[in-house]
There are 2 protein chains.
Amino acid sequence: MEEERSSRRRTGGIRMRDVAERAGVSTMTVSRALSEPAKVSQEMRERVIRAVEEVGYLPNLLARSLSSSRSTTVGLIVPSIDNSIYTQTLKGLSVVLRSRGFQLMIAESGYDPSEEEDLVAAFLTQRVSGLVLHNIEHTDRARALIRQAGVPVVENGNLPPEPLDMAVSYSNREAAKAMTLHLGRLGYRKIAFASLFAHNNDRSRDRIEGYRAALTELGQTPDPRLIVETSRGLASGAEAVVRVVQAVPEVDAFFCAGDVLAVGALFECQKRGWVVPRRIAIASFDDVDLLRHVSPAVTTLRLPRYGIGERTAQMLLGRILDDAEYLRGSVVDLKFEIIQRESA
Amino acid sequence: MEEERSSRRRTGGIRMRDVAERAGVSTMTVSRALSEPAKVSQEMRERVIRAVEEVGYLPNLLARSLSSSRSTTVGLIVPSIDNSIYTQTLKGLSVVLRSRGFQLMIAESGYDPSEEEDLVAAFLTQRVSGLVLHNIEHTDRARALIRQAGVPVVENGNLPPEPLDMAVSYSNREAAKAMTLHLGRLGYRKIAFASLFAHNNDRSRDRIEGYRAALTELGQTPDPRLIVETSRGLASGAEAVVRVVQAVPEVDAFFCAGDVLAVGALFECQKRGWVVPRRIAIASFDDVDLLRHVSPAVTTLRLPRYGIGERTAQMLLGRILDDAEYLRGSVVDLKFEIIQRESA
DNA sequence: ACAAGGGTTGTTACCGATATCAGCGGAAGC
DNA sequence: GCTTCCGCTGATATCGGTAACAACCCTTGT
């Protein structure tokens with residue numbers, strides 16, 4: 001005559017105890033059979049597996065994580081979730097994490113450091129076992145929270161001078177510099193640069209800096225009229241061309257800090273009947289399929305988006321699962337590549 | 001002389017008990033002050049809040065969820081994470097969920113129903129309190145798992161004839177049909193259709209069906225040579241044009257089942273010196289910025305991508321937080337819109 | 001034959017929170 | 001004045017697992 005002695009009504013489904021009773025063993029044996037099969041005899045393992053299937057048991061990861069103080073989720077914070085540049089990195093992360101049974105939680109900060117801070121807190125509250133941040137700039141409290149929680153973190157939008165923990169990226173500064181130098185070597189003298197808004201965006205700022213550094217190296221003094229800040233989108237690229245041309249009609253090259261901007265710029269030039277690259281060269285940041293298929297095909301930088309995600313996940317897992325303390329402080333530079341095509 | 005009586009070493013950070021001791025109250029008062037402030041006196045509330053800040057307490061959501069059998073995470077499964085069509089929906093979901101303190105977990109099934117099943121199990125194991133699926137086709141076990149878990153689900157890639165629970169989408173069939181009819185009314189007679197692979201893809205299949213239905217309504221017999229199945233990407237769009245033109249040179253309209261395909265097709269036509277829409281019309285599925293800015297601007301379907309995410313999240317939250325049982329079984333059709341431009 | 005030790009399994013005490021119900025003081029009702 | 005009720009707080013059991021250690025069986029060494 002079994003009686004429910006608990007005053008608290010059970011809500012959930014089948015528990016480990018049910019499996020244990022069915023298999024005629026203790027819950028510890030079930031737990032071990034599922035989590036550390038090597039510690040259990042062949043026979044027990046099979047009996048447990050069978051019981052699991054018979055009763056349709058799904059482990060409760062909340063309970064497991066709470067008890068073992070170890071979770072299988074990783075949090076990702078990007079500035080803006082609907083920006084296509086993150087999808088490749090996201091894919092790389094997802095593939096590697098999933099292969100080891102980890103889940104990815106994603107959120108967007110809207111380029112707002114204080115929102116990033118809130119999200120860090122929210123993720124820590126969820127007890128993620130790792131964090132991925134796109135920014136390399138963080139509020140003091142965000143840094144403190146992360147340090148206090150002792151959670152491994154990878155920054156991956158840029159190479160941070162002082163990494164929070166680990167970092168995987170390419171150098172925005174060096175990439176912008178390399179392309180600008182490349183244009184200079186090709187003979188272009190009046191190289192304009194269309195930047196995305198640099199407010200709360202370390203990537204944009206570094207790109208501008210790289211551009212400036214290259215000009216200096218080319219023996220030029222950066223001309224502020226050749227630098228325009230704009231938002232994302234095709235229309236912005238077009239508008240950027242208009243603004244620069246108005247200020248400096250003799251501009252002969254246009255380097256855009258984003259693929260979409262470059263396409264917008266290209267369309268605008270074509271609308272004006274300007275032959276690219278004869279009248280004006282165009283170069284882009286970040287390779288996408290589109291840039292290879294427009295005419296003329298656009299010279300651009302290939303960034304290791306997928307690899308960043310992949311490597312980020314590997315390092316995080318190394319720290320979480322294999323306790324690879326030697327990874328702490330690693331800053332991995334995955335490099336970029338200039339793709340020379342017809343537009344410059 | 002306090003002594004650690006537990007044999008198990010504590011790993012975590014500051015617990016609710018620490019806050020309670022600091023504030024000189026019981027953990028229940030802390031718990032209530034944080035989760036149900038109305039049930040606690042003004043004074044206690046303030047004392048607790050102060051103690052929380054002083055000791056730097058972050059609640060443990062794993063423990064909360066386990067104890068209350070209520071979680072604040074929602075799982076999203078998409079066929080392919082690096083497809084840009086999901087970003088708007090993802091954004092809509094994210095914004096609404098976050099506003100109510102929920103986190104989004106995301107995973108990709110790779111168009112594989114059995115992988116979807118595994119992911120459903122993985123998410124249920126994580127005790128998500130809601131699921132969002134892009135597919136409307138699922139394995140029997142996936143359906144069973146979901147039913148057994150009693151978790152609210154929204155399907156949102158298509159309108160399902162038999163919803164698992166709730167659905168928010170537009171009708172792929174009706175959209176394809178509407179555009180095809182539109183082209184027919186504009187006077188085009190030989191309308192080709194470029195489809196994405198239909199294997200394990202209900203959306204693709206419904207689009208083809210809609211196209212067929214429209215032709216029938218136009219008094220034509222669908223010509224299999226005018227339907228090509230292809231993969232994603234600009235190159236595929238171009239190649240699709242090549243294949244159709246070879247088989248049916250007199251084709252006068254080309255309806256593509258995806259924005260990227262349409263651009264690829266447009267480029268190919270221009271490469272061949274064909275005037276669009278004079279020689280051949282082009283129409284696309286799904287609106288993106290690019291289609292408005294190419295020349296000629298491409299006639300397309302505007303799909304309620306963001307709204308789907310938003311509404312999906314609202315319905316899920318309704319079920320989870322407000323116990324809105326009346327939502328069960330709802331299928332919301334958010335409609336589409338034909339954007340008439342120059343290419344057709 | 002007996003102690004030592006490895007491999008398995010079970011018992012018990014937690015992980016960090018919340019549900020439930022009891023207790024307590026003061027206002028309201030008669 | 002005394003009972004009733006309400007608002008607030010706390011004690012205790014529990015959510016579904018795992019850590020740590022004890023217990024047991026059997027093999028091995030001497």
Side-chain angles (χ1 to χ4, degrees), chain A residues 3-21 23-48 51-52 55 57-72 124-127 129 149, chain B residues 3-21 23-48 51-52 55 57-72 124-127 129 149:
Chain A
E3 200 190 328
E4 190 66 47
R5 46 181 74 60
S6 160
S7 61
R8 196 168 174 172
R9 213 172 60 240
R10 280 209 351 96
T11 51
I14 285 123
R15 326 191 276 315
M16 190 176 271
R17 183 187 309 181
D18 302 319
V19 176
E21 279 166 12
V25 298
S26 73
T27 61
M28 267 319 297
T29 300
V30 176
S31 174
R32 283 194 274 252
L34 297 178
S35 298
E36 306 165 292
K39 293 193 174 179
V40 148
S41 69
Q42 174 80 16
E43 194 211 326
M44 283 297 151
R45 217 176 310 153
E46 285 166 4
R47 228 155 85 189
V48 168
V52 164
V55 302
Y57 170 68
L58 284 184
N60 185 330
L61 247 54
L62 297 178
R64 173 180 301 178
S65 298
L66 176 60
S67 178
S68 63
S69 43
R70 208 178 304 135
S71 83
T72 53
L124 292 178
T125 282
Q126 300 268 4
R127 294 300 188 266
S129 52
Chain B
E3 201 192 326
E4 189 67 47
R5 44 180 76 60
S6 163
S7 61
R8 195 166 174 175
R9 211 170 62 240
R10 281 210 350 95
T11 51
I14 285 122
R15 327 194 272 317
M16 190 176 270
R17 183 188 310 182
D18 303 319
V19 176
E21 279 166 13
V25 298
S26 73
T27 60
M28 268 321 296
T29 300
V30 176
S31 173
R32 282 192 275 251
L34 298 177
S35 298
E36 304 165 296
K39 292 194 173 176
V40 150
S41 71
Q42 174 79 18
E43 194 210 326
M44 284 298 155
R45 217 176 308 153
E46 285 166 5
R47 228 155 85 190
V48 168
V52 163
V55 302
Y57 169 69
L58 284 184
N60 185 328
L61 245 55
L62 297 178
R64 174 179 301 178
S65 297
L66 176 61
S67 179
S68 63
S69 44
R70 209 179 302 135
S71 83
T72 55
L124 292 178
T125 283
Q126 300 268 4
R127 295 300 188 265
S129 53

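Labels below follow one simple rule: chain letters A, B, ... track the order of the sequence lines, proteins then strands, and each chain is numbered from 1.
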> Would you say dG10(C) has OP1 or OP2 under 4.0 Å from some side-chain N or O of Ser26(A)?
Replying inline: yes
>> Please check: side-chain N/O of Arg32(B) versus main-chain N/O of Lys39(B), any donor-acceptor pairing under 3.5 Å?
In response: no
> Separation of Arg64(A) atom CZ from dA17(C) atom P, in whole Å?
Replying inline: 21 Å
> Quick one: Arg45(B) CZ to dT9(D) C1', roughly how many Å, whole number?
Replying inline: 14 Å
> Of all the nucleotides listed (dG17(D), dC15(D), dG10(C)), which has the minimum atom distance to the side chain of Ser67(B)?
Replying inline: dC15(D)
>> What is the separation between atom CE on Met44(B) and atom P on dC8(D), rounded to the nearest whole Å?
In response: 11 Å
> Listed in order of residue number, which residues of residues 28-41 of chain A have a non-hydrogen atom at under 4.0 Å from DNA chain D?
Replying inline: Met28(A), Ser31(A), Ser35(A)
> Of the non-hydrogen atoms in Ala149(A) and Leu124(A), which two are nearest, and what is the gap between them?
Replying inline: CB-CD2, 3.8 Å
> Between atom CG in Leu62(A) and atom C1' in dG16(C), what is the gap in whole Å?
Replying inline: 12 Å
>> Can you measure Gln42(A) atom CD to dG7(C) atom C1' for me and round it to whole angstrom units?
In response: 15 Å
> Below 4.5 Å, heavy atoms only, C-beta onward: do Pro59(B) and Met16(B) meet side chain to side chain?
Replying inline: no
Within the sub-3.5 Å range, which N or O atoms of nucleotides 23-26 of chain D have a protein N or O partner, and how far apart are they?
none

> Should Ile14(A) and Leu58(A) count as side-chain neighbours, where that means a heavy-atom distance under 4.5 Å?
Replying inline: no
> Sequence neighbours excluded, which residues qualify as side chain to side chain contact (heavy atoms under 4.5 Å, CB included) partners of Arg15(A)?
Replying inline: Arg10(A), Arg17(A), Asp18(A)
> Counting side-chain heavy atoms from C-beta on, which of dG17(D), dG16(C), dA17(C) comes nearest to Tyr57(B)?
Replying inline: dA17(C)
> For Arg127(A), does its backbone N or O pair with a side-chain atom of Ser71(A) as donor and acceptor, under 3.5 Å?
Replying inline: yes
> Separation of Arg127(B) atom CZ from dA17(C) atom C1', in whole Å?
Replying inline: 17 Å
> How would you label the contact of Arg70(B) with the nucleic acid (heavy atoms, under 4.0 Å): base, sugar-phosphate, or nothing?
Replying inline: sugar-phosphate
> How far does the helix from dA1(C)-dT30(D) to dC30(C)-dG1(D) bend, going by the axes of its first and last five pairs, to the nearest 10°?
Replying inline: 40°
Where do N or O atoms of nucleotides 24-26 of chain C meet protein N or O atoms at under 3.5 Å, pair by pair?
none

> Minimum heavy-atom separation for Val19(B) to Val48(B), with atom names?
Replying inline: CG1-O, 4.2 Å
> More 5' along DNA chain D: Asn60(A) or Thr27(B), using each one's nearest nucleotide?
Replying inline: Thr27(B)
>> Could you tell me how far apart Arg17(B) (CZ) and dA11(D) (C1') are, to the nearest whole angstrom?
In response: 13 Å
> Can you find a pair of side-chain heavy atoms, one from Thr72(A) and one from Gln126(B), that are under 4.5 Å apart?
Replying inline: yes
> So what does Ser68(B) hit on the nucleic acid, given a heavy-atom distance under 4.0 Å: a base, only sugar-phosphate, or nothing?
Replying inline: sugar-phosphate
> In whole angstrom, what separates Leu61(B)'s CG from dG16(C)'s C1'?
Replying inline: 11 Å
Side-chain polar contacts of residues 60-67 of chain B - donor-acceptor pairs under 3.5 angstrom, sequence neighbours left out - could you list them?
residue: Asn60(B); atom: OD1; partner: Leu62(B); partner atom: N; Å: 2.9
residue: Asn60(B); atom: OD1; partner: Ala63(B); partner atom: N; Å: 3.1
residue: Ser65(B); atom: OG; partner: Leu61(B); partner atom: O; Å: 2.8
residue: Ser65(B); atom: OG; partner: Arg70(B); partner atom: O; Å: 3.2
residue: Ser67(B); atom: OG; partner: Arg8(A); partner atom: NH2; Å: 3.1

